[in-house]
Structure formats: structure tokens, C-alpha cells
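Below, read A as the first sequence line, B as the second, and so on, with proteins coming before strands; counting in each chain starts at 1.
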Amino acid sequence: MLTINLLREQSSTVIDRLRIKNFDATDIVNHVLDLDRRRRELQVESDAVQAELNNLSKVIGSMMKEGRKEDTEAAKKGISIMKEKQKLLSENFDMVSEELQKELIRLPNLPHPAVAPGKTPEDNVIVRSGGRLPELQPDALPHWDLIKKYDIIDFDLGIKITGAGFPVYKGKGARLQRALINFFLDEGGKAGYREIEPPILVNEDSGFGTGQLPDKEGQMYHVGIDNLYMIPTAEVPITNIYRDVILDAADLPVRNVGYTPCFRREAGSWGAHVRGLNRLHQFDKVEIVQIAHPDTSYESLEEMVKHVESLLVKLELPYRIVRLCGGDMSFTSAMTYDFEVYSAAQQRWLEVSSTSNFEAFQANRLKCRFREKGAKQTTLCHTLNGSALALPRIVAALLENNQTPQGVKMPAVLVPYTGFEMIS
RNA sequence: GGAGAAAUGGCAGAGUGGUCGAUUGCGGCGGUCUUGAAAACCGUUGUUCGGGCGACUGAACCGGGGGUUCGAAUCCCUCUUUCUCCGCCA
């Protein structure tokens, strides 16, 4: 959520910048400013009455000590009208505060000035690409046929056990999953990230902190009996480690990496292009999260982009990095790089990572702050995260791009992890 | 799941209705002393929202929410969490 200060001081900038995201903020901003004024008026009034009440209570206290019973009773009577007034004021204050909060969280994060305007993925900017596009045999198979041929991932079994979108990985398929997870975690560790194994169910506060709640409720599986949500990404529990935390500036940036399964209901998003591993309800992902100083958060973003890119290079996959245009960016992001790998048999680019700087947007919800050495004041941190990486589409690309008449060849870097060179 | 105990500032730990935002110790920060350091001594040390150009000043916060009262860290209700004992269990 944007800070109220930003709106007070630069409301026109906010409106202008949100146009890049194709969001007309005029009405909300005006409403927020109006509510903010009313809220402050009410606070001044309510605080004054409360101060008087506090004072009178003290007076009554000392009168009782002196044994002036009649004066005490008289004072008590006078106080009740004031209490009514105070009750009304503070109720109004609470109402206005709540409405202000509700309006404030409707505003998306401002895109960074470097973000291009645009409406669709067509308008995204390709930053760079790498790797070589493979030349496949004419009879090359898409991954959904390959997994059947080698019997390594079983969708029907998943349907039997759970439902569509919950595949069962078998034999070398399961082994490949474990290999990728370990490889990604190890690489994260080498890059200075602390490994985290977080809970995969989170409470409402956590869902709010990273921005899934209240709006994207329908995208998460909800365990109603305990009011917990299954995480759609490790970003949620790992970033929430820093909810209500004040860090030392010297400790920034904080780097964490974690593997979790991820659960997404994907309500209404089924259709073309979601065959096989392209879209699932449950999938595995390794996520990197940084909490950064505002002055250096874009250096952190660059560092994360380089890290994700290095993974794709090591896996020998053809990839491209795109910077999302305003219209394609998420509600919470200030700048996002998507990573796509080329899936040769499908002849499509598949998104395998989304790496973003949220600046202070999440931190404001999380109340994640830092303090400069010796300073009294606290400042909101910047939060960032990125997939490093999401497994299913990596697996799809590995299978399709590396297929040979003898089987699917594993990239060299994975062999120590898989224990085999070929799926055949 | 059953029975009991508890939750206080960075940590430890007082405080059972009235100048308590909270004694004290440790830690942190600043200073005196010292060639330097340690020790000792002195001072300082939470968060949030407001008002004021400023000096300064108001309100809220003792796990969360509600209640009683002129007044609540302190009493009542409720939720959550932790600990001990019993049961169950990977």
C-alpha cells in the first residue's frame, strides 16, 4: 500500500504514474485526501476531550484522597456527558480510519519511472536473451507426450488421488524434481542467500502483508476450519518473516532463499496453452527474497536478475529477459523482469520466473522498517522477490529441448544431482 | 484431547485499581577517568498517530479483542500463544 505521506505531498505524481499502469486513481486519491483531513480533525478533537477526561480523573483521585466526598460525586456526574461525547468522536475516528485504509489499499504500487507504458505482453521490453535455440527432429514431441513415453509424470494418477492439476512425479521424474530443487537451493546458498524452510500454510495477517488478501482470496486454497491459506508462493511466508520487524541498516540487504510447493486455484484461467506442465494447481518453486535499503534496492534487483539468469545459463536453456510494461505488471510491483525459456516442441516462450522490486509497497503493509545507526527515526525497507526458479516449465523445456532418439539428455550441471545422464 | 500455570519495554524481571510508559538489572548509546582498552562512575535509551515555524505539546500501546470504573498493566469475559502434567502420535 502507498504511504499516506506520498499522497499528501505528491498526489498529482501518484495519479500520473498510475496512468502507466492504466489505472485512473483520481477519484480514490481525492477521496483518500478528504478522509485523511477528516481523520486528523477528529483526532485533534478526540485527543483534546480525552486529555480533559484524563485530567479530571486525576483531580477526582486527589479529591478522594482528601476525603471530599461531595465534590467527588459532583465531578463524576459532570464527566458522563463528556464521556458520551468522547465515545462518539472516537467511534467516528475509527470509522474514518477504517475507510481510509480500505481506500488506500485499492491503489496499486507506482511503477518505476523507467517502466514503459503499455497494455499487453506485446508491449513488454526484451532486455536480452541467451542460449541457443535447439534444432529438433521433425518428429519431436511436446513434453506431455514425452512424460508418457518415459513414464515419469502421471497426470491421470494425480486426478485419481486429488484432481486435475496435481501431477504425480514418478521414478526419474521425481528424481529430476528433487535434483532441480537441490540445485537451485545450492546455487542460492552460493550467492549468499540464507536457506529457509517456511510453513506452507499462512494466516490472514501474512496474506495481507504481501498483498494476497483481501483481493486475491479466490486464487488461494483456504483451509476453512482453521482459517489458514495454502501459499501460492514462498514469497508469502518468507517475506512475512519481516512483518513488524525493525532491522539495522547495516544488516541490509537481507537475502533468503527457500523451496516450497506452491498452490494456486487458477480459477477461470484454464483453456488453451495450459496443457501438461504449463499450468498446475500444485507445483514446486525455489524463491529468493531480499529486504533492501531504499537507496540500493535496484542494485538488489539487478543482482537477483543476474542470479536467475545464471541458473538458466547453467541449465543450458534458451532464455530471454523481458521488462514488463505498465499494463502487464502486478498490482504490488514497481518493476518486474520476467524470464522466459523457449520450449522447442511447443515453439513457445514459457515464463519461468518473475523478479520484482516492490519498493516500500509491501513493507508499508508489513511494517517492515530499518533504522540507520544512531538514528531515532525508522524508514520502510524495500522488498524484492523472484522465482529461482519455478520447476514445471523448466522441466517442460528440458524435456522438449534435450530430446534425442536415445532419450532426454540432462544438462551436465544437473547430473551430480540426478545421478543419471539420460531419461530413457 | 483433558487438567493447571503464565504472557510486561532489545533481554531478564518487579509491579494486583489512582501522577505507571511503567522500579531494577543486563545489553545498547553518550560522557568522565585512561597513552589505549577494561573496570568504575554519571547520563541516556520503545513504538505509533496528531498539533505547532519552533521551543514544545496531546493521544494510544504492559499478547489480541471486548467489558466494569471518574480512573485498568492491575478486576471481569473472550480469543491466541507459551509452559507443566496426563492422553495420543510421525
So, Lys21(A) side chain and Ser330(A) main chain: donor-acceptor pair closer than 3.5 Å or not? yes
Determine the interatomic distance between C1' on rG10(B) and the same-named atom on rC83(B); round to the nearest Å.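 Roughly 22 Å separates the two C1' atoms.
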Results of ring pair (Phe, Tyr, Trp, His ring centres under 6.0 Å) for Tyr169(A) - residues two or more places apart only: none
Which class fits the ring pair Tyr229(A) and His222(A): parallel under 30°, tilted 30 to 60°, perpendicular over 60°?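 Parallel.
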Please tell me if [X] has a side-chain N or O lying less than 4.0 Å from either OP1 or OP2 of [N].
X         : N       : value
Arg39(A)  : rC49(B) : no
Gln50(A)  : rA60(B) : yes
Arg371(A) : rG46(B) : no

Taking only Watson-Crick and G-U wobble pairs with both distances under 3.5 Å, what dot-bracket line describes RNA chain B, where [ ] shows pairs that cross earlier ones and | shows pairs with another strand? ((((((((.[[[..)..(.....]]]((((((.......))))))((((((....)))))).[[[[[..)....]]]]])))))))....
List the residues meeting side chain to side chain contact (heavy atoms under 4.5 Å, CB included) with [X], not counting sequence neighbours, and say none if there are none.
X         : result
Cys368(A) : Tyr242(A), Leu247(A), Ile291(A), Ala363(A), Leu366(A), Cys381(A)
Glu103(A) : Ile28(A), His31(A), Val32(A), Leu35(A), Arg106(A)
Asp151(A) : Lys170(A)

Detail all sub-3.5 Å separations between protein N/O atoms and N/O atoms belonging to nucleotides 69-73 of chain B.
residue : atom : partner  : partner atom : Å
rC70(B) : O2'  : Ser57(A) : OG           : 3.0
rG71(B) : OP1  : Lys83(A) : NZ           : 2.9
rG71(B) : OP2  : Lys83(A) : NZ           : 3.4
rG71(B) : O4'  : Ser57(A) : OG           : 3.2

Between rU48(B) atom C1' and Arg40(A) atom CZ, what is the distance in whole Å?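 Distance, rounded to whole Å: 16 Å.
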Whole-Å gap separating P (rA60(B)) and CG (Asp94(A)):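 Going from Asp94(A) (CG) to rA60(B) (P), I get 13 Å.
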In terms of the nearest nucleotide of RNA chain B, which residue is placed more toward the 5' end: Ser46(A) or Ile246(A)?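 Its nucleotide being nearer the 5' end, the pick is Ile246(A).
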Can you tell me if CD1 on Ile161(A) sees more than 12 non-hydrogen neighbours from other groups inside 6.0 Å?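 Yes - once you tally the heavy atoms of other residues, nucleotides and ligands closer than 6.0 Å, there are more than 12.
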Aromatic contact between Phe263(A) and His281(A), with the criterion being ring centroids under 6.0 Å apart: yes or no?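 No, too far apart.
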